[in-house]
Amino acid sequence: MVASTAVQSKPGASAGPVVPDARALLAWYDRHRRDLPWRARPGETPDPYRVWLSEIMLQQTTVAAVKPYYERFLARFPTVEALAAAPQEAVMQAWAGLGYYSRARNLHACAQAVVARFGGRFPAEEADLRSLPGIGAYTAGAVAAIAFDRVAVAVDGNVERVISRLHAVEEALPKAKPAIRALALALVPRKRPGDFAQAMMDLGATVCTPRKPACVLCPWSSPCRARASGEAETYPRKRARAEGRLRRGAAFVALRTDGAVLLRTRPGKGLLGGMAEVPGSDWSPDYDPRRGLADAPLPASWRRLPGSVRHVFTHFPLELTVFLAKVPADTRAPAGARWVGRAELDGEALPNVMRKVVTHALSAAS
DNA sequence: AATACGTGGTT
DNA sequence: TAACCAAGTAT
């Protein structure tokens with residue numbers, strides 16, 4: 001009689017375990033882990049400050065977009081103490097262009113809280129982390145696991161996809177979040193929980209991708225219920241998202257003869273909170289173009305520029321009509337606004353939509 | 001529970 | 001190209 005292995009009892013039977021196992025994923029991770037600037041090399045001790053900074057930047061943001069910001073930010077604010085001591089304006093400026101600006105405000109507040117409440121050392125307990133500004137369930141788990149090697153889950157979009165496929169979770173997101181979290185937690189090993197957390201994310205980012213998952217390369221292909229059904233790509237199930245209505249408005253670029261541009265700072269909360277902008281109207285689906293110059297910041301010979309600036313936010317598209325006026329060098333800035341020289345524009349905390357507006361106006365002015 | 005909150009890359 | 005998606009959090 002021919003000796004047989006325990007797992008392959010008859011021809012055509014699938015090989016490998018029928019239950020997902022952490023060791024298989026960790027073995028895959030040891031071979032295929034991504035080398036990322038904020039990630040400690042094997043044997044190195046992670047720096048909680050860097051782990052935390054990267055996790056905040058990576059919220060809803062791609063690795064490629066984060067890399068240059070992370071490097072610049074770390075060079076400018078090397079420690080949590082340095083960040084805590086910096087003016088908020090400097091933090092907003094360093095974040096400008098990355099999006100979701102409440103992250104930058106909370107980042108700054110969090111650094112100050114870590115210094116004030118924890119002596120400048122990030123806490124290792126998830127509950128303590130969770131109490132800090134800008135740190136939610138995901139980030140608390142990620143920092144606990146990655147920076148402190150605690151048994152914790154970090155359920156991001158990658159993990160939701162991996163787990164929902166592995167177990168063929170039929171419940172749609174976001175309702176399925178608690179179930180997915182529980183299923184993920186059940187897989188976390190006592191040893192190397194930090195690597196396991198990162199392995200789940202790497203797997204989701206490089207193998208268990210939203211479209212065309214590379215199941216043949218997956219260490220969990222054999223226990224994967226979605227793969228067995230041949231419809232891995234249809235997971236996770238999701239509720240359709242409502243589409244935002246187009247909003248319109250006007251933006252006014254006042255250009256002094258010395259090249260300075262009139263800017264103001266938006267209110268601290270809400271859309272683009274705390275960021276710089278060109279004066280303008282409110283943005284509304286009901287904006288009436290006949291308002292014309294009613295929202296202009298100062299009296300001048302305003303010229304409506306041909307075309308418009310379009311921008312798409314997460315929850316609505318925006319169309320801005322741009323007005324341009326050239327004014328004398330001795331023109332006073334109205335209350336709440338300030339003149340900014342052309343050379344200093346790059347140093348301003350201008351969100352991308354406002355950079356588009358300024359570019360549109362300056363190209364028309366030349 | 002549902003919505004607000006940016007931006008850029010991919011398909 | 002329109003739609004989807006990316007290491008989510010706050011309210």
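All values derive from a computational prediction rather than experimental measurement. Lettering of chains follows the sequences in order, A, B, ..., and the numbering in each one begins at 1.
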Using a heavy-atom cut-off of 4.0 Å across all strands, would you classify A:G204 as base, sugar-phosphate, or nothing?
nothing
Touch class at under 4.0 angstrom, heavy-atom based, for A:L318 against every strand present:
nothing
Classify the nucleic acid contact of A:A137 as base, sugar-phosphate or nothing, counting any heavy atom under 4.0 Å across all strands shown.
sugar-phosphate
Atom NZ of A:K238 and atom C1' of B:dT3 are separated, to the nearest Å, by 16 Å
Base, sugar-phosphate or nothing for A:R161? Non-hydrogen atoms, less than 4.0 Å.
sugar-phosphate
Using a cut-off of strictly less than 4.0 Å, decide whether A:N158 has a side-chain nitrogen or oxygen near OP1 or OP2 of C:dA7.
yes
Have a look at A:P133 and say if it touches a base, only the backbone sugar-phosphate, or nothing, with a 4.0 Å heavy-atom cut-off.
sugar-phosphate
With sugar-phosphate meaning primed atoms plus P, OP1 and OP2, does A:G270 contact a base, only sugar-phosphate, or nothing at under 4.0 Å between heavy atoms?
sugar-phosphate
A:Y101 OH to C:dT9 P, straight-line distance once rounded to whole Å:
19 Å
A:N106 side chain near C:dT9 phosphate (N/O to OP1/OP2, under 4.0 Å)
no
Which nucleotide wins on minimum distance to the side chain of A:Y138, given the candidates B:dT7, C:dG8, B:dC5?
C:dG8
Gap between atoms CD and C1', on A:Q60 and C:dC4 respectively (whole Å):
12 Å
Could you tell me whether A:D202 and A:R34 make a salt bridge, using a distance below 4.0 angstrom between a side-chain N and a carboxylate O?
yes
Which sits closer to the 5' end of DNA chain C, A:I135 or A:L58, going by the nucleotide each is nearest to?
A:L58
Taking the ring centre of each residue, are A:F118 and A:F122 less than 6.0 Å apart?
no
Between C:dA6 and B:dC5, how far apart are the P atoms? Round to whole Å, please.
22 Å
If the P atom of C:dA7 is compared with that of B:dT11, how far apart are they to the nearest Å?
14 Å
Let me spell it out: for each of A:L132 and A:D156, pick the nucleotide of DNA chain C with the closest heavy atom. Which residue's pick is nearer the 5' end?
A:D156
Is there a side-chain contact between A:H315 and the phosphate of B:dC5, meaning an N or O under 4.0 Å from OP1 or OP2?
yes
Return the value, rounded to whole Å, for the distance between atom NE2 of A:H311 and atom C1' of B:dC5.
11 Å
Could you work out which one of B:dG6, C:dA7, C:dC5 sits closest to the side chain of A:R103?
B:dG6
Measure the distance from NZ on A:K177 to P on C:dG8 and round it to the nearest whole Å.
9 Å
Assign each of A:A64 and A:F316 to its nearest nucleotide of DNA chain B by heavy atoms, then name whichever residue's nucleotide is nearer the 5' end.
A:F316
Check whether the side chain of A:R34 and the base of C:dA7 form a donor-acceptor pair under 3.5 Å.
yes
Can you measure A:L107 atom CG to C:dG8 atom C1' for me and round it to whole angstrom units?
14 Å
Between A:M354 (CE) and B:dG6 (P), how many Å, whole number?
12 Å
Heavy atoms under 4.0 Å, any strand shown: does A:T139 hit a base, just sugar-phosphate, or nothing?
sugar-phosphate
Any idea which heavy atoms bring A:M57 and A:V66 closest together, and the distance?
O-CG2, 3.3 Å
Which part of the nucleic acid, if any, lies within contact of A:V312, taking any heavy atom under 4.0 Å across all strands shown: a base, the sugar-phosphate backbone alone, or nothing?
base
Could you state the CD1-P distance from A:I56 to C:dT9, rounded to the nearest angstrom?
7 Å
Would you call A:R264 and A:E277 a salt bridge, using N to O less than 4.0 angstrom?
yes
Pick base, sugar-phosphate or nothing for A:R105, based on heavy-atom distances below 4.0 Å to the nucleic acid.
nothing
Using a 4.0 Å heavy-atom cut-off across all strands, classify A:W52 as base, sugar-phosphate, or nothing.
nothing
Taking only Lys NZ, Arg NE, NH1 and NH2, and the carboxylate oxygens of Asp or Glu, determine whether A:R291 and A:D282 approach each other closer than 4.0 Å.
no
Please check if any side-chain donor atom of A:Y138 sits under 3.5 Å from a side-chain acceptor atom of A:E55, or the reverse.
yes
Whichever of A:T314 and A:R239 has the more 5' nearest nucleotide on DNA chain B, that residue is A:R239
The reported gap from CG in A:L53 to CH2 in A:W38 (rounded to nearest 0.5 angstrom) is 9.5 Å
With hydrogens left out and only the distance checked, is there a donor-acceptor pair under 3.5 Å joining A:T61's side chain and the base of B:dG8?
no
Please evaluate the base of B:dG6 for a donor-acceptor partner in the side chain of A:Y100 within a cut-off of under 3.5 Å?
yes
Do the non-hydrogen side-chain atoms of A:C110 and A:I135 ever get within less than 4.5 Å of each other?
yes
Can you tell which of C:dA7, B:dT7, C:dC5 lies closest to the side chain of A:E55?
C:dA7
Between C:dT1 and B:dG8, how far is it from one C1' atom to the other, in whole Å?
15 Å
